There are 2 protein chains.
Amino acid sequence: MMTERTTADTLAKTLRDAIIRFSRRARQARPVGDLTFSQLSALTSLQLAGTLTPRELADVERVQPPTMTKIVGKLEERGLVARRRHPTDGRQVILEATDEGRAVYALHERARNEWLAGALDRLTPEEQETLATAAEILHRIARG
Amino acid sequence: MMTERTTADTLAKTLRDAIIRFSRRARQARPVGDLTFSQLSALTSLQLAGTLTPRELADVERVQPPTMTKIVGKLEERGLVARRRHPTDGRQVILEATDEGRAVYALHERARNEWLAGALDRLTPEEQETLATAAEILHRIARG
DNA sequence: CGAGCTTGTTAGCTAAGCTAAGGATCGTGA
DNA sequence: TCACGATCCTTAGCTTAGCTAACAAGCTCG
């Protein structure tokens with residue numbers, strides 16, 4: 001229906017606007033160290049999954065394979081991620097976070113979350129609930 | 001309290017995760033033409049405000065002034081934004097969207113919103129309401 | 001075995017973002 | 001008045017993120 005479509009359009013605009021600004025604000029909250037947003041995100045996905053191939057990680061992160069090659073390269077340089085050969089398929093590579101990767105991740109994650117968690121702490125429980133639900137919805141949309 | 005802080009931490013992580021993926025997904029939905037995410041965002045802010053100085057626009061967009069110089073430069077090259085001299089302060093510059101800027105913006109905005117509005121259309125009214133509220137909260141957090 | 005697909009990487013590009021530094025202009029206080 | 005500090009914008013130079021195109025290696029299946 002006309003009105004509903006208009007509602008969706010308006011919401012789409014509002015939402016995109018809010019998210020791009022939020023995103024940039026979050027990006028500004030740099031951790032003490034040197035892990036970037038994308039690197040941290042990749043490391044997180046890798047840790048949650050245990051092991052992944054580069055392609056799988058690229059899919060999860062919604063990025064093209066060459067982009068993931070670069071990100072993984074940076075993480076590997078710092079000894080946070082290790083490459084292993086696939087036992088049966090010579091084309092594939094298996095990625096895994098190292099112990100140091102896990103430790104460094106936890107540290108940076110905490111620093112990175114600081115301002116956001118602080119801001120969330122100042123919200124009402126209802127607002128927190130709203131954001132939690134919204135996060136689930138956004139995740140679903142991004143996946144679709 | 002301990003538990004609340006933990007809740008905020010968890011929510012922070014979930015939210016960041018959802019947003020970064022959503023963001024990348026949105027970025028993939030390229031319009032027909034050539035305006036990028038950041039350019040479109042700047043053009044939007046400028047149009048909504050009417051006129052802004054580069055610094056004001058940088059603040060709104062949560063970006064450093066040199067970054068905004070580049071973005072505005074791209075927009076100006078394409079004749080979408082015009083620079084004017086400030087009537088009394090010789091240091092400042094006044095930015096404004098041109099007619100063509102407004103037209104191109106509307107076009108690209110529509111294309112860009114397509115997948116998102118489509119996805120939003122498939123949500124229940126309650127979910128849409130949740131996202132609308134969440135957008136407001138996120139905007140407030142980003143501003144703080 | 002050979003053709004074709006899949007995986008990962010390399011090469012090369014653009015855009016986005018930052019800091020540092022500089023030039024022009026404004027405002028103010030001696 | 002005028003010199004000095006502050007403000008605004010831009011330039012220069014860098015890193016990261018992201019893309020496509022192309023390619024080498026390996027798998028698969030007729």
Side-chain angles (χ1 to χ4, degrees), chain A residues 20-31 33-43 45-46 51-78 80-95 108, chain B residues 20-31 33-43 45 51-78 80-95 108 112:
Chain A
I20 194 171
R21 278 176 183 71
F22 178 90
S23 232
R24 283 204 274 242
R25 178 67 182 78
R27 205 171 281 260
Q28 281 174 350
R30 286 285 170 83
D34 40 13
L35 280 187
T36 66
F37 218 75
S38 297
Q39 290 167 14
L40 195 51
S41 181
L43 190 52
S45 294
L46 193 51
T51 60
L52 288 176
T53 67
R55 169 162 296 271
E56 287 168 341
L57 187 50
D59 286 346
V60 170
E61 292 290 302
R62 291 222 152 261
V63 142
Q64 294 302 308
T67 300
M68 191 46 68
T69 295
K70 275 192 197 175
I71 294 176
V72 168
K74 295 266 162 59
L75 292 173
E76 201 187 8
E77 269 178 21
R78 300 174 193 209
L80 308 181
V81 160
R83 275 183 168 87
R84 275 209 321 268
R85 300 182 20 190
H86 192 286
T88 65
D89 190 336
R91 293 167 302 181
Q92 297 191 45
V93 171
I94 295 179
L95 302 174
H108 287 228
Chain B
I20 193 172
R21 279 177 181 70
F22 178 89
S23 233
R24 282 203 276 241
R25 178 66 181 78
R27 204 171 281 262
Q28 282 174 350
R30 286 285 170 85
D34 39 13
L35 280 188
T36 67
F37 218 75
S38 298
Q39 289 167 15
L40 195 51
S41 181
L43 190 52
S45 293
T51 59
L52 287 177
T53 67
R55 168 162 297 271
E56 287 168 341
L57 186 51
D59 285 346
V60 170
E61 291 290 302
R62 290 224 152 261
V63 141
Q64 293 302 308
T67 301
M68 192 46 68
T69 294
K70 274 193 196 172
I71 294 175
V72 169
K74 296 266 164 57
L75 292 173
E76 202 187 8
E77 270 178 22
R78 300 173 193 208
L80 308 182
V81 161
R83 276 184 168 85
R84 275 210 320 268
R85 301 181 20 189
H86 191 284
T88 65
D89 190 336
R91 294 167 301 180
Q92 296 190 47
V93 173
I94 294 181
L95 302 174
H108 287 227
R112 196 130 224 181

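Throughout, a chain's letter reflects where its sequence line sits, starting with A, and its residues are numbered from 1. If you're wondering where the values come from, they're calculated on a predicted model, not measured in any experiment.
Nearest to the side-chain atoms of B/S38 among the listed nucleotides C/dG8, D/dT20, C/dG17 stands C/dG17. Comparing atom distances between the A/T53 side chain and each of C/dA16, D/dC8, C/dG8 picks out C/dG8 as nearest. Nearest nucleotide to the A/I71 side chain, out of D/dA17, D/dT10, C/dT7: D/dA17. Of the candidate nucleotides D/dT10, C/dT9, C/dA15, C/dA15 has the atom nearest to the side chain of B/K74. You'll find that the side chain of A/P54 is closest to C/dG8, out of C/dG8, D/dG18, D/dC9. Distance from the side chain of A/P66 is smallest to C/dT9 among D/dA17, D/dT10, C/dT9. Side-chain proximity of B/T67 to C/dG17, C/dC26, D/dC8: nearest is C/dG17.
Using a 4.0 Å heavy-atom criterion, one finds that B/P65 contacts the bases of the nucleic acid, with or without backbone contacts as well. A/R83 comes within contact range of the sugar-phosphate backbone alone, with a heavy-atom separation under 4.0 Å but no base atom that close. Here A/T88 lies in heavy-atom contact (under 4.0 Å) with sugar-phosphate atoms only. Contacts of A/K70 with the nucleic acid, taken as non-hydrogen atoms under 4.0 Å apart, include base atoms.
Taking 4.5 Å as the limit, every side-chain heavy atom of A/S41 sits out of range of all side-chain heavy atoms of A/I71. Looking at heavy atoms from C-beta onward, B/L95 lies out of side-chain contact with B/E76 at the 4.5 angstrom threshold.
Atoms CZ (A/R84) and P (C/dT7) sit 19 Å apart, rounded to a whole Å. B/E76 places its CD atom 14 Å from the P atom of D/dC9, with the value rounded to the nearest Å. When the P atom of C/dG12 is taken as reference, atom CD of A/Q64 falls 20 Å away, rounded to whole Å. A straight line from CD of B/E61 to C1' of C/dG17 spans 13 Å, rounded to a whole angstrom. Rounded to an integer number of Å, the gap from NE2 of B/H86 to C1' of C/dG27 is 15 Å. Protein atom CD of B/Q92 is 13 Å distant from nucleotide atom P of C/dT25, rounded to whole Å. A/D59 places its CG atom 10 Å from the P atom of C/dG8, with the value rounded to the nearest Å. A/R78 places its CZ atom 11 Å from the C1' atom of D/dT16, with the value rounded to the nearest Å.
Where B/D89 and A/R55 meet DNA chain C, the nucleotide closest to each residue was compared, and A/R55 sits on the side nearer the 5' end.
For D/dA17, one of the phosphate oxygens OP1 or OP2 lies less than 4.0 angstrom from a side-chain nitrogen or oxygen of A/T36. Remark: A/R91 is not in phosphate contact with D/dC27, judged by side-chain N or O atoms under 4.0 Å from OP1 or OP2. In this structure, A/Q39 reaches the D/dA17 phosphate: one of its side-chain N or O atoms is under 4.0 Å from OP1 or OP2.
Here the CD atom belonging to A/E56 is positioned 9.0 Å from the CD1 atom belonging to A/I94, to the nearest 0.5 angstrom.
Looking at every heavy atom in both residues, B/L43 comes nearest to B/L75 through N-CD1, 4.4 Å. Pairing each heavy atom of B/L52 with each of B/S45, the nearest pair is CD1-O, 4.2 Å. Annotation for B/V63 and B/M68: closest pair CG1-N, 3.8 Å, computed over non-hydrogen atoms.
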